[in-house]
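Ligands are counted one by one from 1 in listed order, and the atoms in each one are counted from 1 as well.
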Amino acid sequence: MDLQEKIKAVENAFEDLDKEIASFQSWSSLACKAGCGKCCFKADIEATTLEFLPFAQFLYENSRAYEWLAKIDSSDQTLCTILDPMQGGVGLCSQYRHRGLICRLFGFSARTNKYGKKELVTCQVIKGENPDGVIRTQDRIENGFEVPVMNQHYMRLHAIDLELTREFFPINQAIKRAIEVILHYHAYRS
Ligand code: SF4
């Protein structure tokens, strides 16, 4: 697979995941609080390079890759550079369409514990707003209702590119590395 095919494969994986999440949200009735975005304010979000390749390619195609490299370098590096607290609307992600895998999974997925049991991973806001819904959802998951499973989605990305998913970086570093991979690729092709 060349880099363009890998980007397409990541986009396909995200599309499939988004459908799974929509189905999960529909049966569980769990949803983000309008305009929340609190999970993006965590200082220790980590991601792999591969999950931000579609965003990096988008920046390259719009001649914004260097602008974003400078933006990341001049940021304080603690919060995700994509986060825009001034943004109105449903959330605070300024690049929602291009957000990473962790951004999609968090709140609406399960991890498999060491006993093989699926445990819902959701946020404090959802737990606080809808505690009964969270308990009911966990019960249903244990009874076989479908939920996106984190490790399965990470495995799908591993299968696309082992090297670019081997390590987790602070999210800004993952975005920066993705931009550098794209710039390197296009530099060689031109
Ligand atoms: S990419 Fe968007 S959704 Fe993900 S942490 Fe950054 S602001 Fe939040």
Side-chain angles (χ1 to χ4, degrees), residues 6-7 9-22 24-25 30-62 64-111 120-129 147-154 156-157 160-161 164-165 167-183:
K6 288 179 186 180
I7 292 167
V10 174
E11 288 171 341
N12 289 342
F14 284 173
E15 252 178 59
D16 290 344
L17 171 58
D18 289 348
K19 283 182 199 149
E20 278 186 50
I21 290 173
F24 169 77
Q25 287 175 322
L30 297 183
C32 292
K33 190 176 163 184
C36 176
K38 197 172 173 187
C39 53
C40 303
F41 279 93
K42 282 178 91 241
D44 57 353
I45 300 171
E46 292 197 326
T48 62
T49 305
L50 188 72
E51 60 197 274
F52 281 100
L53 277 195
F55 176 54
Q57 175 67 15
F58 164 79
L59 292 179
Y60 178 81
E61 286 169 0
N62 289 279
R64 298 187 64 196
Y66 288 105
E67 172 201 328
W68 271 77
L69 277 184
K71 194 170 168 171
I72 292 168
D73 283 341
S74 64
S75 75
D76 70 1
Q77 298 284 327
T78 46
L79 297 181
C80 176
T81 311
I82 296 177
L83 176 68
D84 180 3
M86 305 307 286
Q87 181 174 280
V90 290
L92 306 181
C93 181
S94 67
Q95 305 293 331
Y96 192 73
R97 192 161 79 84
H98 298 292
R99 69 201 189 286
L101 180 62
I102 185 59
C103 318
R104 290 164 203 265
L105 285 170
F106 187 71
F108 303 108
S109 60
R111 64 173 151 247
L120 178 65
V121 179
T122 194
C123 75
Q124 292 304 327
V125 177
I126 292 176
K127 282 180 190 163
E129 294 257 310
V147 59
V149 178
M150 280 190 161
N151 44 317
Q152 289 172 1
H153 288 279
Y154 278 108
R156 182 159 172 187
L157 291 199
I160 296 168
D161 190 307
L164 295 177
T165 51
E167 246 184 292
F168 282 81
F169 299 97
I171 195 161
N172 288 321
Q173 288 309 305
I175 298 166
K176 183 176 174 180
R177 282 170 180 267
I179 297 171
E180 287 168 348
V181 168
I182 293 290
L183 286 173

Show which atoms of ligand 1 fall inside a sub-4.0 Å distance from at least one heavy-atom site of Leu83.
7 (S)
Any N/O/S atom, backbone or side chain, of Cys40 lying under 2.8 Å from atom 8 (Fe) of ligand 1?
yes
Check for a donor-acceptor pair, side chain of Arg177 on one end and backbone N or O of Ala174 on the other, with a separation under 3.5 Å.
no
Angle between ring planes, Phe52 versus Phe55, binned at 30° and 60°: parallel, tilted or perpendicular?
perpendicular
With a cut-off of 2.8 Å, does Cys93 place any N/O/S atom under that distance from atom 2 (Fe) of ligand 1?
yes
Ile175 side chain reached by Cys80 side chain, heavy atoms, under 4.5 Å
yes
Residue portion contacting ligand 1 (non-hydrogen atoms closer than 4.0 Å) for Leu92:
neither
Do any N or O atoms from the side chain of Asp84 and from the backbone of Ser94 form a donor-acceptor pair under 3.5 angstrom?
no
Specify the protein heavy atom at minimum distance from atom 6 (Fe) of ligand 1: its residue, its atom name, and the distance to 0.1 Å.
Cys80 SG, 2.4 Å
Main-chain N/O of Leu79 paired with Asn172 side-chain donor or acceptor, under 3.5 Å:
yes
Counting from 1 in the order shown, the ligand 1 atoms closer than 4.0 Å to a non-hydrogen atom of Ile171 are 5 (S)
Quick check: Tyr154 with Phe168 (ring centres under 6.0 Å apart)?
yes
Taking 4.0 angstrom as the limit and counting only heavy atoms of Cys103, give me the atoms of ligand 1 inside it, by number and element.
1 (S), 3 (S), 4 (Fe), 5 (S)
